[in-house]
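Note that the structure is predicted; figures quoted are calculated from it, not measured.
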Amino acid sequence: MGSNEDIMISVKPGVKGGTFMVRGAAVLTNVPANITVTPVNDGSVFVGANATSSSSRHVFNLGTLQEHRLVCLFRFKIWWMIPCFGTSGGDIPAETQMLLLEVENKFYVLILPVLDGQFRTSLQGTPDNELEFCIESGDPDVQTTKIKEPVFVNSGNNPFNLIRNSIKILEKHKGTFKHINNKQKPEHIDWFGWNTWDAFYCNVDPEGIKDGLENFSKGGCPPKLLIIDEGWQNIFPSYEENPTGELSRLINLEENAKFKGSKLDKSGKNLRDFIKTIKQKYGLKYVYIWHAMAGYWGGVLPESEVMKKYNPKIQPVVQSPGNLTHVVCSTLDNIQEKGIGLIDPSKIRDFYNDFHSYQASCGVDGVKVDVQGVLELLGAGYGGRVSLTRQYLGALEDSVTETFKSNNLICSMSLNTDFLYSTKKAAAARATEDFMPNEPTFQTLHVAAAAFNSLLIGEIIVPDWDMFYSDHITAEFHGAARALSGSAVYVSDKPGSHDFDIIKKLVLPDGSILRARYAGRPTRDCLFNDPVTDGKSLLKIWNLNKLSGVIGVFNCQRAGIWPPIKGSIYMPAPGSGTPISGIVSAGDVDALEEVAGENWRGHCAVYACLSGSLKTMSKDAKFQVALEHLKCEVFTVSPIRAFSEDLRFAPIGLLDMYNSGGAVEAMDSENKSSECKIKVRIRGCGRFGAYSNKKPKCCSMNEKDEEFIYNPIDGLVTVKVEGEYSSREMVFFY
């Protein structure tokens, strides 16, 4: 993606008279003398600092930050990240991992705390509006008095290009991670999936899985991806023997008794037989399986004969002071008390290779690896949190690609920069905290957090917006968000509890999905507005397809508060039951020119999926949308191409899908003096729609004449597409 808005900046940011200047504007004042600035390239710099004494953790003052609209991404608990909004340093929480400023309403400044050697950096503000950065190694023996490249600063006119270009600069300069464009994406992200977690939690068993697959098949939506989540492993104490929630540890590499012997009924004797059976019967393409980064939540059991070869030991955990200022996750209580059974880093590659080889022998195609952030607590004696993370993550990535012969890895609970700036292969990771079906105040926060987090993580991995229930009061809200997220689409329905109308707006008959091209992100005019608690702002999320854009508009207000805390009570403001209005424009699709083609003259066809209305307008024209609480609308934005002096045409796609335009693969034309043919290649079936300013003479599909309906009022051409062809060509004759 590119933009003419991006220009080369010859004057690099720097400190002048105690003021940090960017493009001639003051961004920070009262900058201390111990702050250093090191140029990188293209107007970007690293900011560092010198200390008077050596330590494994330093907090440095960068200066005073005031009167700039800002959005930051911070970890509100060790595993997960959410946005925060404000105008000054005092609004920036501890554990901030990205800070974006709007300066003088003219340009944007991006401040990224990164990794520098064995140290990890985060940002934080003070009540005096000072902006600080904190560096820490996580190992008392890894100390320093100076740090040269902990904070990266860059500026640009387009916030999305600014973030992308900055990540690419860091990729090249640091050499410790790769941009998403330079990774192999996992195969599962283009197929509909079912995750067992919210269906069964740890009570998952073969009978329940078969029951669920049977119900999906009867409903005409069999998943192609199955994720067997937590509950299949051999742990001590076991799932059945642990009613009080004691910290369990992994005792061997095999499946537990639920997936062996008589428990399998007619599905064989073990996990291998079971997976073979369900793949054959239900047409599954991929079966993934869950495990934790350290084996299980409590790591592995050092006393286990199987585990002794990996030289594990109980490692105490030490939390960063930054984490302790926010929500301390209850899952850490037992870990804090009893430590982790940590495999010797020199043996972790052997462990993953053995573990994954066994899984692959059972027919498993990939893994979801959870609880990754725990490594930042275990760095003492191992060179620190960054060093330990890189040893484990590198071994995990290599094992997955070598064992499963593809990059079939989903990372989870990994939203720390230790992971983000160390991943060279992992290409899919959870974008936000779990979908929690029984927490009504979490639903809108889930969608908003995923969209804002994707600003950063979408440049490094494919953000995974998590599972959801198709049969839920918020199903359409979540379903529409997943459709334009650019991520995988999978549900966690309980067997028999499905809304197939929702699923069929996301999934084609062959089990594939209409995945958008990039990570879904907030539109530019939404970046600095809180869509959850300011009481007035709608959330707009944009993305691109091959020939069109898509905008989702969501009312996330009056449902919850930041941060999402279980059992929190939100008191709505008086009159909050009225709809919230917002402005939408075709230009909200930030990079529409990328897919518009040479014969675009600036006008668009805009189709509203849920209301079924079509309108045409210039790219910069605006219209109003009013939505009630937990309501949404999805607009396909298709550039209207000129094929002759008097013929205008824009493919919309499959009208009954949330992401209609995802069905359009390509378009071409043949223009002769007496006739014009417009050829559109699509996939899927259902009602196909296009805008045309003239009624076509006729229409054919795969060289067979097709009936169509033309509405002269709005220019909508509708063709009923039947059959299960994965791809077909439709031709309109004029």
Side-chain angles (χ1 to χ4, degrees), residues 1-2 190 508 510 512-518 543-550 586 589 591-607 614 616 618-619 635-657 659-711 714-734:
M1 294 167 63
D190 291 309
L508 298 178
D510 66 355
S512 65
I513 64 170
L514 301 180
R515 190 172 65 85
R517 293 175 63 181
Y518 300 114
N543 212 322
L544 283 178
N545 296 304
K546 291 182 178 178
L547 290 175
S548 63
V550 60
V589 180
L592 193 60
E593 294 86 351
E594 182 179 326
V595 299
E598 295 180 357
N599 54 347
W600 182 44
R601 299 181 181 178
H603 284 73
C604 298
V606 179
Y607 177 76
L614 175 66
T616 60
S618 69
K619 175 190 172 184
F635 297 97
T636 293
V637 179
S638 184
I640 298 174
R641 283 82 166 178
F643 290 94
S644 67
E645 286 301 317
D646 61 349
L647 177 58
R648 306 290 184 269
F649 185 91
I652 295 167
L654 293 177
L655 301 179
D656 299 316
M657 306 293 283
N659 184 19
S660 305
V664 181
E665 298 277 279
M667 183 170 64
D668 197 4
S669 65
E670 292 182 13
N671 208 341
K672 301 178 181 178
S673 58
S674 60
E675 181 182 64
C676 178
K677 297 180 187 178
I678 299 177
K679 303 175 182 180
V680 183
R681 180 156 292 280
I682 68 168
R683 64 188 183 98
C685 60
R687 291 191 308 137
F688 174 83
Y691 164 77
S692 176
N693 69 327
K694 297 169 63 175
K695 182 179 180 179
K697 293 179 181 178
C698 59
C699 169
S700 70
M701 189 155 34
N702 291 347
E703 301 183 350
K704 178 184 176 183
D705 288 346
E706 294 287 342
E707 294 183 357
F708 66 91
I709 299 172
Y710 180 71
N711 185 338
D714 59 13
L716 180 62
V717 183
T718 308
V719 183
K720 189 174 183 180
V721 181
E722 298 179 320
E724 295 190 8
Y725 297 101
S726 59
S727 180
R728 67 193 90 194
E729 184 176 77
M730 187 177 298
V731 183
F732 296 92
F733 296 84
Y734 293 88

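In terms of modelled atom types and a separation under 3.5 Å, the side chain of Tyr710 and the main chain of Ser692 share a donor-acceptor contact. With Asn545 contributing its side chain and Val550 its backbone, the two residues share no donor-acceptor pair below 3.5 Å. Judged by distance alone, with hydrogens and angles left aside, the side-chain atoms of Asn543 form no donor-acceptor pair with the main-chain N or O of Gly549 at under 3.5 Å.
Evaluated for a side chain to side chain contact (heavy atoms under 4.5 Å, CB included) with Cys699, the options Met730, Lys704, Glu707 yield exactly one hit, Met730. Tested against Phe688, the residues Leu655, Val680, Thr718 include a single side chain to side chain contact (heavy atoms under 4.5 Å, CB included) partner, Val680.
Taken from CG in Leu547 to CE in Met667, the straight-line distance is 5.5 Å, to the nearest 0.5 Å. Atoms CG and NZ, on Asn711 and Lys695 in that order, are 11.0 Å from each other to the nearest 0.5 Å. Interatomic distance, NZ of Lys694 versus CZ of Phe732, reported as 15.0 Å (0.5 Å rounding). The structure places CG of Asp714 at 9.0 Å from OG1 of Thr616, a figure rounded to the nearest 0.5 Å. With rounding to the nearest 0.5 Å, the separation of OG1 in Thr636 from OH in Tyr607 is 8.5 Å.
In this structure the side chain of Ile682 never reaches within 4.5 angstrom of the side chain of Pro651, judged on heavy atoms. Taking the side chain as every heavy atom from C-beta outward, Val664 and Lys546 never approach each other to under 4.5 Å. Counting heavy atoms from C-beta on, the side chains of Glu706 and Val721 never come closer than 4.5 Å. Side-chain contact between Arg601 and Ile640: absent, with no pair of heavy atoms (C-beta onward) separated by less than 4.5 Å. Within the 4.5 Å cutoff, no side-chain heavy atoms of Val589 are placed close to those of Val595.
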Walk me through whether Arg683 and Leu654 qualify under side chain to side chain contact (heavy atoms under 4.5 Å, CB included).
CA-CA 9 Å; Arg683 64 188 183 98; Leu654 293 177; over 6 Å; no
Determine whether Ser548 and Val637 satisfy the following criterion, side chain to side chain contact (heavy atoms under 4.5 Å, CB included), listing intermediate values before the conclusion.
CA-CA 6 Å; Ser548 63; Val637 179; 6.0 Å; no
Go through Arg515 and Ile513 one step at a time and tell me if the side chain to side chain contact (heavy atoms under 4.5 Å, CB included) criterion holds.
CA-CA 6 Å; Arg515 190 172 65 85; Ile513 64 170; 4.0 Å; yes
Take Asn599 and Ser669 through the test side chain to side chain contact (heavy atoms under 4.5 Å, CB included) and record every step on the way to the result.
CA-CA 11 Å; Asn599 54 347; Ser669 65; 5.9 Å; no
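The shortest heavy-atom contact between Arg728 and Gly723 is NH2-O, 3.4 Å. The two atoms that bring Trp600 and Lys619 nearest to each other are CH2-CD, 3.8 Å, heavy atoms only. Listed here is the closest heavy atom pair of Arg681 and Ser727: NH1-OG, 3.0 Å. Residue Arg641 comes nearest to Ser638 through the heavy atom pair NH1-OG, 3.8 Å, listed as atom of the first residue, atom of the second, then distance. Heavy atoms only, all atoms of each residue included: Ala642 and Arg648 are closest at CB-NH1, 3.7 Å. Closest approach of Ile652 and Leu716 over heavy atoms only: CD1-CD1, 4.0 Å.
Contact check on Lys679 versus Glu670 returns a salt bridge, with a Lys/Arg side-chain nitrogen under 4.0 Å from an Asp/Glu carboxylate oxygen.
Classified by interplanar angle (parallel below 30°, tilted 30° to 60°, perpendicular above 60°), the ring pair Tyr734/Phe649 is perpendicular.
There is a side-chain donor-acceptor pair under 3.5 Å between Asp510 and Ser512.
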